[in-house]
Every structure is written in structure tokens, then in C-alpha cells.
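So the structure is just underneath, and the comments pick up after that.
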Amino acid sequence: MRTLLPGEWIDGDIITMYADYKNMKKAEKDVTSPRCWFLPTYYSQAALANWGSLNFAQAAGFRDRYMGRLDTCEKIYVPINCDGHWYMLLVDISHATATIWDSLESPSRREKMINESLAILASLDFVLRQEARALFGNRFSFLNFQIYCQASLPQQPNGFDCGYYVMKYMDSPCIVVHDSYQHDSDHARLLLALYLVQSPLNKIRRRLI
């Protein structure tokens, strides 16, 4: 939680904790199976290290913990770290698109982000191949999805709040994508810390509140 202090770069554990909480809330709301999957940061880390080296046990672990039924899934949220900068890849199954959401756009990073997005899509083919082909046919592939960069997103006013924006991209409604959004880093981090401390996923919650 120390990385939520003012001016600190937010680490992957905090983002994963937020993703876990979003998965839990979605599971409560969508009793049959969640329509949105929020993947942990270590999914993209494993996929980008070499998705082809993922073994059956690793793939099954991600599948069982973070993914519901593919036939009800509409969107997959994948937080990714590119050279110390967090961004979100939003995979929209119903529209066959993969959109990069970036709160600190840089032309110099764009090509690398697109290549990383392709690697993530390839990893989803590996993890979900059997179920995807049963649902959509043998020619289905996440790699065929169109990749876009989300235009006109509000940009972070500093060099350390990318992790905060990535977490808030998971929200519905997502306030940080609106032109009217005014970012107060210290206040936003305080609210986020309180939110996570009070989360049922916090094992020492009862000792803190």
C-alpha cells in the first residue's frame, strides 16, 4: 500500500488487488458468469515474457481463477506495463476489437504497445483455444481482432499516476475518460487506499476499521 502515497509509482500488486476486487463484485452481480474479466498484472507479465512457454498448469491457473464462461464474457481487461508505464488493453469480444487505453500517450511507445497487445491476444488464443473454437468455430482467433488506440483520453498531469488511471479504467461508469474529469492525485490516492483497506479481500480489514 505504500505505493499509494503521494508522488509514488503504483506497483502491480495494488493494481492486481483492485482487479481481484472488481472480479469479486462482478461475480456477485452476474450470478451465472461475469460479463467482464479483470486480469492480474502478472498475466501480462507471463504472456509478454513468452506466451508460448506457458504450460498447461499455468494456463489452467489463470483460467480457473480469473476467467468465467467465455460464452457470457463480453470484455477482458488486461493491465500491461511498458517500460515502467502502465496502460490498459481492453479486449471486446462482441466487437472483435482490442483497444489500448493510455493516460500518457507517447508516439515512441505506440509500436511497442501494439506488439505487446498482439502478444496478449496470442496468449488468449493459447489459454482459451479449446473453448473459443467450440463456441466460435475453428477459424476463430483473438489475433484477428482489430487493434485500436483509444482517442481523446484525458491525460495524467504527472509521470507517476498511470497505475491509478489503469485501475479506474476498470470502473463502470468510468469517470476518468470524460473530458470534465479533474485529477487531484493526492485526494484520488487517499480515496483509493480507503477503498482497498475496506475491501473484503483485505485479510487484516477487521483490525484496521
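Residue indices begin at 1 and follow the sequence shown.
Rounding to the nearest 0.5 angstrom, the gap separating the CG atom in L190 from the CG atom in L194 is 4.5 Å. Put simply, CD1 on I114 and CD1 on I100 are 5.5 Å apart, with the number rounded to the nearest 0.5 Å. Residue K25 holds its NZ atom at 15.0 Å from SG of C36, rounded to the nearest 0.5 Å. Remark: I93 CD1 to T72 OG1 distance equals 9.0 Å, nearest 0.5 Å.
In this structure, L191 is not a member of the same hydrophobic cluster as M17, with clusters built from ILVMFWY side-chain heavy atoms closer than 4.5 Å. Placement of L121 and F126 within a single hydrophobic cluster is found when ILVMFWY residues are connected by side-chain heavy-atom separations under 4.5 Å, directly or transitively. There is a path of hydrophobic side-chain contacts, each under 4.5 Å, that joins F38 to M24. A chain of hydrophobic side-chain contacts below 4.5 Å, direct or via other Ile, Leu, Val, Met, Phe, Trp or Tyr residues, connects F142 to L135.
Taking each heavy atom of R63 and L70 in turn, the nearest pair found is NH2-N, 4.0 Å. Closest non-hydrogen pair, I80 versus E116, comes out as CG2-OE1, 3.8 Å. The two residues C162 and S103 make their nearest non-hydrogen contact at CA-OG, 3.8 Å. V166 and M88 get closest at one heavy-atom pair: O-CE, 3.3 Å. Closest non-hydrogen pair, P79 versus T41, comes out as CG-CG2, 4.0 Å. Residues G163 and I10 come closest through the heavy atom pair C-CD1, 4.1 Å.
For the side-chain contact (heavy atoms from CB on, under 4.5 Å) criterion with L153, the lone passing option out of D102, V177, D179 is V177.
Between H183 and Y181, the angle of the ring planes lies from 30° to 60°, which puts this pair in the tilted group. By the 30° and 60° cut-offs, the orientation of the rings of W86 relative to W9 is parallel.
Between the side chain of D11 and the backbone N or O of I14 there is at least one donor-acceptor pair closer than 3.5 Å.
Electrostatic pairing of D83 and K112 counts as a salt bridge here, judged by a charged N lying under 4.0 Å from a carboxylate O. Using a cut-off of 4.0 Å between Lys/Arg side-chain N and Asp/Glu carboxylate O, E131 and R69 are scored as not salt-bridged.
Counting only N and O atoms by type, the side chains of Y165 and Q155 include no donor and acceptor under 3.5 Å apart. No side-chain donor-acceptor contact under 3.5 Å links Y18 and D13. For the residue pair S123 / Y43, a side-chain donor-acceptor distance below 3.5 Å is found, with atom types taken as modelled. For the 3.5 Å distance criterion, the side chains of D92 and S94 qualify, holding a donor opposite an acceptor. With no hydrogens or angles considered, no side-chain donor-acceptor pair links N23 and D20 at under 3.5 Å.
Side-chain atoms of M67 and V127, non-hydrogen and from C-beta on, do get closer than 4.5 Å to each other. Counting only heavy atoms from C-beta outward, the side chains of P154 and H178 never approach each other to under 4.5 Å. V91 has its side chain within reach of F145: a pair of non-hydrogen atoms, C-beta onward, lies under 4.5 Å apart. Contact annotation: the side chain of H85 approaches that of L104 to within less than 4.5 Å [non-hydrogen atoms, C-beta and beyond]. Looking at C73 and D71, their side chains never come closer than 4.5 Å, going by heavy atoms from C-beta outward. Counting heavy atoms from C-beta outward, W101 and L89 have side chains that stay 4.5 Å or more apart. Using a 4.5 Å cut-off on side-chain heavy atoms (C-beta onward), M113 and Y87 make contact. The shortest side-chain heavy-atom distance between M170 and I15 falls under the 4.5 Å cut-off.
Aromatic ring centroids of Y42 and F62 lie under 6.0 Å apart.
No more than 12 heavy atoms of other residues, nucleotides or ligands sit less than 6.0 Å from atom CZ of R35.
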Trace of the side chain to side chain contact (heavy atoms under 4.5 Å, CB included) decision for V176 with D171: CA-CA 9 Å; V176 297; D171 289 351; over 6 Å; no
With salt bridge (Lys or Arg N to Asp or Glu O under 4.0 Å) as the criterion, how do R189 and D161 come out once you've worked through the C-alpha distance, each side chain's angles and the decisive distance to 0.1 Å? CA-CA 9 Å; R189 285 165 177 259; D161 269 337; 2.8 Å; yes
Using side chain to side chain contact (heavy atoms under 4.5 Å, CB included), reason through T99 and C149 one step at a time and then give a plain yes or no. CA-CA 5 Å; T99 308; C149 294; over 6 Å; no
Does L90 form a side chain to side chain contact (heavy atoms under 4.5 Å, CB included) with Y169? I'd like the steps, not just the answer. CA-CA 9 Å; L90 177 56; Y169 289 152; over 6 Å; no
Derivation and outcome, side chain to side chain contact (heavy atoms under 4.5 Å, CB included), residues Y66 and T16: CA-CA 11 Å; Y66 291 101; T16 292; 4.2 Å; yes
